[in-house]
Amino acid sequence: MRPHAVHAVIAVKNLDRAKSRLADRLRPEHRARLVLAMLADTVTAANGVAAIRSVTVVTPDPEVAALAGELGANVHPEPLISDLNAALGDAAEALRRAHGAVELLALQADLPALRSRELAAMVAAAPAGRRSVVVDHTGSGTAALFAGGGAVALDPRFGPGSARAHLAAGAVDLDGHWPGLRLDVDTAEDLDSALTLGAGRSTRALLGDIGWSGAVHEAVRGVC
């Protein structure tokens, strides 16, 4: 049992800017639906962790906000002048104003193969009194950032090379075997990997509905 409650925060940008690296494979409306489906699977997994008392989605997008509410998450409006790190930082400050000295977990929004048991193990492994990170499957990005104590600032440094940036700022590298937690999705190959690993219900249903072709489509048919 952790000494403080854990509150998770997830940032999602406007859907019209969603997943541009998949533009050669998916139409804009399908990319937007994919973002929503992956967010649903990510929030569902986080909601299944006993140590996580709340999930907050920070977003300027009304459709994302509506889905977050349906999933039982809180919604924090994105600051007017903001980037991902400013959005996460603003939400983190709001959570501590509301709840006191709580532990904070920043998660990527596109973790369709995340399992609650993985996330629970990661939270249990995170050291108290330290900031810690889970490096993503590419080895350069950050899948999760944890502030292990009410006096520890979240200090998000997401962006290109974020894993190195977080580690250089003193974060501990958590090395558990959590493949679903590490698998954030940016490319078609990532989607293949997520489905092979076992993507959540919303992502599987969406990809089946839009007729995603190739190896991913075969995987969808195999698990549905």
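Only heavy atoms go into these numbers, but all of them, side chains included; no hydrogens, no water, no symmetry mates. Keep in mind that what you see is a predicted model, and the values were worked out from it rather than measured.
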Let me confirm one number: the [atom1]-[atom2] distance from [X] to [Y], rounded to the nearest 0.5 Å.
X      : Y      : atom1 : atom2 : value
Asp16  : Glu63  : CG    : CD    : 11.0 Å
Leu191 : Asp110 : CG    : CG    : 9.5 Å
Thr59  : Asn14  : OG1   : CG    : 6.5 Å
Leu95  : Glu103 : CG    : CD    : 13.0 Å

Please check if [X] and [Y] belong to a single hydrophobic cluster, counting links between Ile, Leu, Val, Met, Phe, Trp and Tyr side chain heavy atoms closer than 4.5 Å.
X      : Y      : value
Ile52  : Leu39  : yes
Val64  : Leu114 : yes
Leu88  : Leu167 : yes
Leu107 : Val43  : yes
Val55  : Leu71  : yes

*Does Thr203 reach the main-chain N or O of Ala199 with its side chain, forming a donor-acceptor pair under 3.5 Å?*
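Such a contact is absent between Thr203 side chain and Ala199 backbone.
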*asked:* Keeping Arg96 on the side-chain end and Ala101 on the backbone end, is there a donor-acceptor pair under 3.5 Å?
replied: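 Absent.
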Table please: side-chain donor-acceptor pairs of residues 129-149 below 3.5 Å, with sequence neighbours left out.
unit_1 : atom_1 : unit_2 : atom_2 : d
Arg130 : NH2    : Gly170 : O      : 3.2
Arg131 : NE     : Ala153 : O      : 3.0
Arg131 : NE     : Leu154 : O      : 3.2
Arg131 : NH2    : Ala153 : O      : 3.1
Asp136 : OD1    : Thr138 : N      : 3.0
Asp136 : OD1    : Thr138 : OG1    : 2.6
Asp136 : OD1    : Gly139 : N      : 3.3
Asp136 : OD1    : Gly141 : N      : 3.1
Asp136 : OD2    : Thr138 : OG1    : 3.4
His137 : ND1    : Arg182 : O      : 3.2
His137 : ND1    : Asp184 : OD1    : 3.2
His137 : NE2    : Asp190 : OD1    : 3.0
Thr138 : OG1    : Ser140 : N      : 3.2
Thr138 : OG1    : Ser140 : OG     : 3.1
Thr142 : OG1    : Ser162 : OG     : 2.9
Thr142 : OG1    : Ala163 : N      : 3.3
Thr142 : OG1    : His166 : ND1    : 3.0

_Assess whether a salt bridge exists between Lys19 and Asp186, defined as any Lys/Arg side-chain N lying under 4.0 Å from an Asp/Glu carboxylate O._
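Looking at Asp186 together with Lys19, the answer is yes, because their closest N to O distance falls below 4.0 Å.
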*Indicate yes or no: does Asp41 engage Arg204 in a salt bridge with an N to O separation below 4.0 Å.*
no
*Please confirm whether Arg117 makes a cation-pi placement over Trp178, using NZ or CZ under 6.0 Å from the six-membered ring centre and within 45° of the ring normal.*
no
_Arg164, CZ atom: more than 12 neighbouring heavy atoms under 6.0 Å_ =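 No, because the 6.0 Å sphere around CZ of Arg164 holds 12 heavy atoms or fewer from other groups.
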*Partner residues of His7 under the ring-ring contact (aromatic ring centres under 6.0 Å, His included) criterion, sequence neighbours left out*: His99
